[in-house]
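Below, chain A is the first sequence line, B the second, and so on; all start at residue 1.
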There are 2 protein chains.
Amino acid sequence: MSLELYYWDGLQGRGEFVRLALEEARVDYVEVARGKPSKGLGTEAMMAVMDSPDEPYPPFAPPFLKDGDLVIAQTANILFNLGPRLKLAPEVESLRYVANGLQLTIADVVTEAHDTHHPLASGLYYEDQKDAAKVRAHDFIDHRIPKFMSYFERVLAQNPAGDDFMVGDALTYVDLSMFQLIDGLLYAFPRALKRFGEHYPRLAALHDRVIARPNIAAYLDSDRRIDHNESCVFRHYPELDKAAT
Amino acid sequence: MSLELYYWDGLQGRGEFVRLALEEARVDYVEVARGKPSKGLGTEAMMAVMDSPDEPYPPFAPPFLKDGDLVIAQTANILFNLGPRLKLAPEVESLRYVANGLQLTIADVVTEAHDTHHPLASGLYYEDQKDAAKVRAHDFIDHRIPKFMSYFERVLAQNPAGDDFMVGDALTYVDLSMFQLIDGLLYAFPRALKRFGEHYPRLAALHDRVIARPNIAAYLDSDRRIDHNESCVFRHYPELDKAAT
């Protein structure tokens with residue numbers, strides 16, 4: 001049976017981190033919420049799993065993966081589970097925990113990127129929290145992006161196996177997620193990231209290497225890759241962007 | 001060699017989720033940042049690991065665990081790694097991913113609890129973001145706590161092995177973390193949680209069962225358990241608390 005990926009239709013969001021791994025590995029998967037209701041798919045089919053009173057361990061939110069009877073929730077957890085099967089996890093077991101630690105740190109940045117446009121309440125409209133969003137976004141640009149990116153650049157620099165990959169000496173899902181994080185930030189904050197390659201040369205090179213991978217390039221060029229947009233965690237609101245100090 | 005837990009001295013914080021598992025299992029561990037500099041311990045010893053230019057995979061932030069040469073970062077990752085060794089993870093492997101998914105959802109609530117007092121910038125003082133904090137805290141009380149807690153209550157209700165534990169039919173680190181989350185919220189928002197037991201009877205019973213466990217009771221009564229305070233993620237600022245609507 002194919003793997004079933006459950007995530008909101010119409011945006012990249014957190015589901016994209018899982019998608020990139022599935023696409024790089026070229027495994028079959030079903031995008032449940034994007035499918036047709038006539039085939040038992042669509043957003044309602046996703047909500048039915050979440051709201052099911054019979055599901056042994058229902059997920060709190062998408063993305064989640066259904067693999068036979070097992071429902072796996074939370075982006076980093078899905079990747080931790082899929083990684084070895086997709087040959088996108090370190091072979092050395094201890095390094096799998098290093099990979100997971102990095103993936104969770106990437107997830108923290110994603111949450112902070114989301115909160116730049118929704119600092120007061122995820123249930124309120126952006127328009128109703130624009131002033132607070134500006135304060136949070138500028139703090140993110142001036143303090144948080146440099147702190148996180150300097151750290152990730154240092155991880156590459158200190159990787160004992162060289163600075164081509166985040167963990168070990170081969171591609172893992174962490175590299176794909178690192179690409180996606182940078183890509184999202186470049187979309188949301190182009191002015192802030194104008195000198196990204198200058199400040200973080202190893203990360204910029206990693207980003208470019210991932211884009212050039214044949215399976216990733218084919219995916220990014222396909223209809224399956226939804227463009228960045230303002231329903232996503234990474235939103236381009238020009239008023240929140242500014243040059244980094 | 002003993003396990004070394006690295007976390008800021010003087011507060012429970014995210015380190016407490018790891019501590020509770022170590023204490024329940026009664027394994028030896030060293031609290032590095034709380035130790036004496038004359039013994040090579042203390043906050044500087046912790047910073048030395050984080051800032052080391054030689055550490056193969058340095059952690060971004062505490063808590064992290066050092067187990068021989070391996071440095072494991074991120075709370076949920078530490079527990080995922082320790083769980084089986086401490087006999088605090090499900091024996092069925094697939095359920096370990098269920099446990100990790102729940103643990104990561106608990107971590108999401110912890111982050112949101114932190115952001116109630118720091119919605120604009122973690123680097124700004126609370127006093128400089130009090131108005132925004134009030135908006136975010138009240139949204140957390142009215143919308144987010146009920147959403148998360150209804151979900152966790154439902155996980156207990158739908159657990160095929162019964163509603164005594166979050167996952168499977170035996171205690172796991174997720175139950176200990178669930179206790180800590182509820183305990184932190186009860187401290188921070190006593191008015192909001194006044195009818196917690198009425199709304200979430202299974203979670204309240206779980207909280208009480210964990211407190212009554214001999215090793216946990218002994219720990220909570222010891223000097224090793226630092227009291228809740230306003231350096232922690234769970235802070236009691238009366239002006240942020242209110243009765244839930």
Among [options], residue most engaged with chain A (heavy-atom pairs, under 4.5 Å):
{"options": "B:Val155, B:Thr105, B:Val135", "result": "B:Thr105"}
{"options": "B:Ala73, B:Ser122, B:Pro160", "result": "B:Pro160"}
{"options": "B:Gly123, B:Ala132, B:Pro59", "result": "B:Pro59"}
{"options": "B:Met50, B:Glu112, B:Gln129", "result": "B:Met50"}
{"options": "B:Asp54, B:Asp131, B:Asn100", "result": "B:Asn100"}

ask   = Which residues, numbered in order, of residues 169-178 of chain B come under 4.5 angstrom of chain A by heavy-atom distance?
value =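 Contacts with chain A: none.
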
Does any heavy atom of chain B fall under 4.5 Å from the side chain of [X], the backbone, both, or neither of them?
{"X": "A:Leu104", "answer": "both"}
{"X": "A:Tyr57", "answer": "side chain"}
{"X": "A:Leu95", "answer": "side chain"}
{"X": "A:Gln103", "answer": "neither"}

What part of [X] lies closer than 4.5 angstrom to a heavy atom of chain A: side chain, backbone, both or neither?
{"X": "B:Asp139", "value": "side chain"}
{"X": "B:Glu55", "value": "both"}
{"X": "B:Arg96", "value": "neither"}
{"X": "B:Leu70", "value": "side chain"}

ask   = If you measure from OH on B:Tyr97 to CG on A:Asn81, what distance do you get to the nearest 0.5 Å?
value =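 Between atom OH of B:Tyr97 and atom CG of A:Asn81 there are 5.0 Å.
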
request  = Drop me the distance from B:Leu102's CG to A:Asn77's CG, to the nearest 0.5 angstrom.
outcome  = 9.0 Å

ask   = How about A:Asp108 and B:Gln74: does a side-chain donor come under 3.5 Å of a side-chain acceptor?
value =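 Yes, side-chain donor-acceptor contact under 3.5 Å.
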
ask   = Could B:Arg136 and A:Asp115 be called an ion pair, given the rule that one side-chain N must be under 4.0 Å from one carboxylate O?
value = yes

task = Could you tell me whether the side chain of A:Gln158 reaches within less than 4.5 Å of the side chain of B:Pro56, counting heavy atoms only?
result =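 A side-chain contact under 4.5 Å is absent here.
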
ask   = Given the side-chain rings of A:Phe60 and B:Phe152, with only the six-membered ring counted for Trp, is the space between their centroids under 6.0 Å?
value = no

key: Exceeds 12 heavy-atom contacts within 6.0 angstrom, atom CG of B:Asp51   = yes

ask   = So with a 6.0 Å cut-off around NZ of A:Lys134, is the heavy-atom count from everything else above 12?
value =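 Atom NZ in A:Lys134 is not crowded, with 12 or fewer foreign heavy atoms closer than 6.0 Å.
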
Option in A:Pro53, A:Ala161, A:Ala121 with maximal non-hydrogen atom pairs under 4.5 Å from chain B =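 Of the candidates given, the most pairs with chain B belong to A:Pro53.
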
ask   = Between A:Thr111, A:Ile72, A:Val98, A:Leu124, which shows the greatest number of heavy-atom pairs under 4.5 Å with chain B?
value = A:Val98

request  = Output all residues satisfying ring-ring contact (aromatic ring centres under 6.0 Å, His included) with A:His138, sequence neighbours left out; order by chain, then residue number.
outcome  =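 Here no residue qualifies.
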
inquiry  = For B:Arg154 versus A:Ser52, what's the shortest heavy-atom pair and its separation?
reply    =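 B:Arg154 and A:Ser52 have their closest heavy atoms at NH2-O, 2.9 Å.
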
